[in-house]
Amino acid sequence: MSIYPEAAATRRRLSLLHVVVSVVMAGAATALVVLAFSPFSAATAAFSAPLYAVVAGGYSVFPFLARRVLGFRWAATAAGTVAGLLSAPISPIGLLIVVPFVAGGAAYDATIWALARFRRDGRTPECVFAAAAAVSALVLFLVSMPVMTNRAPLFLLAVLGGRLAGQSAASALAGLAARVASRRGSAGRPGSLR
């Protein structure tokens, strides 16, 4: 207990500020990835939707990393929202790009919340992150269905498989980055990875 009554309130405000700044940074980093890969991903989407589904998983790395490092329940959704809003001016689909970012992040966050909320130790096992990536892939697949012209079953399975591979790789990369950051002490609070 502090001798200064305002110390706890100050710590809470700084903690909230840390989360907000970190989420905005994750969203901005994702927008930079979108900017860097935009010419390549547009050509890939036109050439091969299943390959694009794998490549698009790269857009989820920073929102997934925000969720793991910050321990804020809806960090992937918030980072996805920021990424979508910042990417809209450079995206061929404009403001509609917010939809897949928010849907993928919300699916990831909601799955983690649903599967890990009863754990007493506060730690989230890797299998929960893997399940969250799979649910996120399914949601992104469903979001992309209206724009797909080829509805052949094998094609749809290939696109779904691409989404699963891309989102799983993004979650695995986010996990690796979170572990490295934790070991180096740059993740903020020790033991904060959730």
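The shown structure was predicted, so the numbers you read here are calculated from the model rather than taken from an experiment.
- Transitive grouping of hydrophobic side chains (ILVMFWY, heavy atoms separated by less than 4.5 Å) keeps V102 and I97 in distinct clusters.
- Summarising the geometry, atom OG belonging to S182 is positioned 12.0 Å from atom CZ belonging to R68; distances are rounded to the nearest 0.5 Å.
- Rounded to the nearest 0.5 angstrom, L65 CG and L173 CG are separated by 10.0 Å.
- Shown here are the side-chain contact (heavy atoms from CB on, under 4.5 Å) partners of F40, two or more places apart in sequence or in another chain: F37, T44, V55.
- Minimum heavy-atom separation, S60 to A170: CB-CB, 3.9 Å.
- Within the 4.5 Å cutoff, side-chain heavy atoms of V98 are placed close to those of L95.
- Note that the CE atom of M145 and the CG atom of L140 stand 13.5 Å from one another [nearest 0.5 Å].
- The shortest heavy-atom contact between V82 and G27 is CG1-CA, 3.8 Å.
- Note on L85 and L96: separate hydrophobic clusters, where clusters join Ile, Leu, Val, Met, Phe, Trp and Tyr whose side-chain heavy atoms are under 4.5 Å apart, directly or indirectly.
- In this structure, R117 CZ and T124 OG1 are separated by 13.0 Å, a value rounded to the nearest 0.5 Å.
- If you take CD on Q167 and CG on L138, they are separated by 11.0 Å, rounding to the nearest 0.5 Å.
- Residues L86 and A28 come closest through the heavy atom pair CD1-CA, 3.7 Å.
- Contact detail for V128 and A116: the closest heavy-atom pair is CG1-CB, 4.4 Å.
- Proximity of a side-chain donor or acceptor of R163 to a complementary backbone N or O of V159 within less than 3.5 Å is not detected.
- Applying the ring pair (Phe, Tyr, Trp, His ring centres under 6.0 Å) test to Y108 and every residue at least two apart in sequence or in another chain returns F64.
- Put simply, L164 and L157 are part of two different groups of oily side chains (I, L, V, M, F, W, Y) that touch within less than 4.5 Å, one to the next.
- No continuous path of ILVMFWY side-chain contacts below 4.5 Å connects V99 to L142, so the two sit in separate hydrophobic clusters.
- With S144 contributing its side chain and F141 its backbone, the two residues share a donor-acceptor pair below 3.5 Å.
- Atom CZ in F101 sits 6.5 Å away from atom OG1 in T30 (nearest 0.5 Å).
- With 3.5 Å as the limit, one finds a donor-acceptor pair spanning the side chains of Y59 and S41.
- For the pair F155/M148, a side-chain contact is recorded, criterion being any heavy-atom separation below 4.5 Å from C-beta on.
- In plain terms, the two heavy atoms of V61 and A174 that are nearest each other are O-CB, 3.8 Å.
- In this structure, the side chain of S22 engages the main chain of H18 through a donor-acceptor pair within 3.5 Å.
- Around CE of M25, the count of heavy atoms belonging to other residues, nucleotides or ligands within 6.0 Å does not exceed 12.
- Using modelled atom types, one side-chain atom of S136 and one backbone atom of G104 make a donor-acceptor pair closer than 3.5 Å.
- With sequence neighbours left out, A106 forms a side-chain contact (heavy atoms from CB on, under 4.5 Å) with T77.
- No path of Ile, Leu, Val, Met, Phe, Trp and Tyr side chains, each step under 4.5 Å between heavy atoms, connects Y52 with L156, placing them in separate hydrophobic clusters.
- A salt bridge does not link D109 to R73: none of the charged nitrogens lies less than 4.0 Å from a carboxylate oxygen.
- Taking each heavy atom of A152 and N150 in turn, the nearest pair found is N-OD1, 3.0 Å.
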